[in-house]
Amino acid sequence: MILKPNYVLGFLKTVGWFFGLILLVSGVIPYFRGQPVAWPEIASISVFCGAFLAVGICVMFTPREISWDEEKISLRVNFPRSGEYTWRQLEAYSSWGFRFGTFLLKFQGMQSYQIVPVCFPAGDWRAFLSFLRTRFPEKKTRVWFGPSPVRFGKK
């Protein structure tokens, strides 16, 4: 199976999400507290910050391609580096995989891949998570210290 991102759609979703969040925190909440709100400034800051963060997510945290089969996985990424691994090299993966969260995937001898799945089609991303959860349930890790898995008594 192959996962390929749609960067334009992911960018737009991310800009919208951050735009709404910044607008809520900087404008709506103060407005309901009775404080004056400069809507044009808040809107322009929200668009700029949303676009800046969306570019960062698309470039740094979205692989160009994830392909896998029963034997191996291949990740084409910008950071840290692309690689091909056998499933025996899988150390851990994070238990969360929601659209705007950071999903972590750790292989032996490599730093963790940090993936924000917003650019991937939702059904394809769910298929990838389902593959991991059904095939490697013992590798699911709930506790991470930054990008490092904390596995109590597990290999």
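Just so you know, these numbers use all the heavy atoms, side chains as well, and skip hydrogens, waters and symmetry mates. Everything numeric here is computed off the predicted structure, so don't read it as measured data.
- Smallest separation of non-hydrogen atoms from E71 and D69: N-OD1, 2.8 Å.
- At a threshold of 4.5 Å between non-hydrogen side-chain atoms, the residues F128 and L105 count as touching.
- The other residues sharing a hydrophobic cluster with L104 are W96, F98, W144, where clustering joins ILVMFWY side chains under 4.5 Å apart.
- At most 12 heavy atoms of other shown residues, nucleotides or ligands fall within 6.0 angstrom of atom CZ in F52.
- With hydrophobic clusters built from ILVMFWY side chains whose heavy atoms lie under 4.5 angstrom apart, I73 shares a cluster with L132.
- The CD1 atom of I57 sits 10.5 Å away from the CE atom of M60 when rounded to the nearest 0.5 Å.
- Under the 4.5 Å side-chain heavy-atom criterion for Ile, Leu, Val, Met, Phe, Trp and Tyr, V59 and L53 are members of the same hydrophobic cluster.
- We find the CZ-CZ distance between F136 and R88 to be 10.5 Å, quoted to the nearest 0.5 Å.
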message: Walk me through whether I42 and L23 qualify under side-chain contact (heavy atoms from CB on, under 4.5 Å).
response: CA-CA 7 Å; I42 290 173; L23 198 67; 3.6 Å; yes
Would you tabulate the side-chain donor-acceptor contacts of residues 108-123 under 3.5 Å, counting partners in other chains and residues two or more places apart, or write 'none'?
{"unit_1": "S112", "atom_1": "OG", "unit_2": "P147", "atom_2": "O", "d": "2.4"}
{"unit_1": "Y113", "atom_1": "OH", "unit_2": "R81", "atom_2": "O", "d": "2.8"}
{"unit_1": "Y113", "atom_1": "OH", "unit_2": "Y85", "atom_2": "OH", "d": "2.7"}

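- I66 and F79 are members of different hydrophobic clusters when ILVMFWY side chains are connected at heavy-atom separations under 4.5 Å.
- Contacts classified as side-chain hydrogen bond (donor to acceptor under 3.5 Å, both in side chains) and involving residues 42-64 (residues at least two apart or in different chains) are given here: R64-N78.
- Taking both residues in full, the closest heavy atoms of G10 and C58 are given as C-SG, 4.5 Å, listed atom of the first, atom of the second, then distance.
- Residues forming a side chain to side chain contact (heavy atoms under 4.5 Å, CB included) with S74 (at least two apart in sequence, or on another chain): S67, E84.
- Between atom NZ of residue K140 and atom OG of residue S95 there is a gap of 6.0 Å, rounded to the nearest 0.5 Å.
- Counting side-chain heavy-atom gaps under 4.5 Å among Ile, Leu, Val, Met, Phe, Trp and Tyr, I2 is found in no cluster with other residues.
- Residue L9 is found outside any hydrophobic cluster, as its side-chain heavy atoms come under 4.5 Å of no other Ile, Leu, Val, Met, Phe, Trp or Tyr.
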Side-chain donor-acceptor pairs under 3.5 Å in residues 26-36, sequence neighbours left out?
{"unit_1": "S26", "atom_1": "OG", "unit_2": "I22", "atom_2": "O", "d": "3.2"}

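- Hydrophobic clustering (ILVMFWY, side-chain heavy atoms < 4.5 Å, transitive): L21 and F19 are in distinct clusters.
- Every ring pair (Phe, Tyr, Trp, His ring centres under 6.0 Å) that F103 has, sequence neighbours left out, goes to W125.
- A heavy-atom distance below 4.5 Å is found between the side chains of L75 and F107.
- With K139 contributing its side chain and L90 its backbone, the two residues share a donor-acceptor pair below 3.5 Å.
- Applying the salt bridge (charged side-chain N to carboxylate O under 4.0 Å, His left out) test to every pair with at least one member in residues 109-133, sequence neighbours left out, gives no pairs at all.
- Under the salt bridge (charged side-chain N to carboxylate O under 4.0 Å, His left out) criterion, the residue pairs touching residues 94-114 are E91-K106, with sequence neighbours excluded.
- Linking ILVMFWY residues whenever their side-chain heavy atoms come closer than 4.5 Å, directly or via other members, leaves F48 and I45 in distinct clusters.
- Screening residues 4-24 for side-chain hydrogen bond (donor to acceptor under 3.5 Å, both in side chains), with sequence neighbours left out, gives K4-E65.
- Listed by chain and residue number, R135 satisfy the salt bridge (charged side-chain N to carboxylate O under 4.0 Å, His left out) test with E70 (two or more places apart in sequence, or in another chain).
- Interatomic distance, W87 CH2 to F131 CZ, rounded to the nearest 0.5 Å: 5.0 Å.
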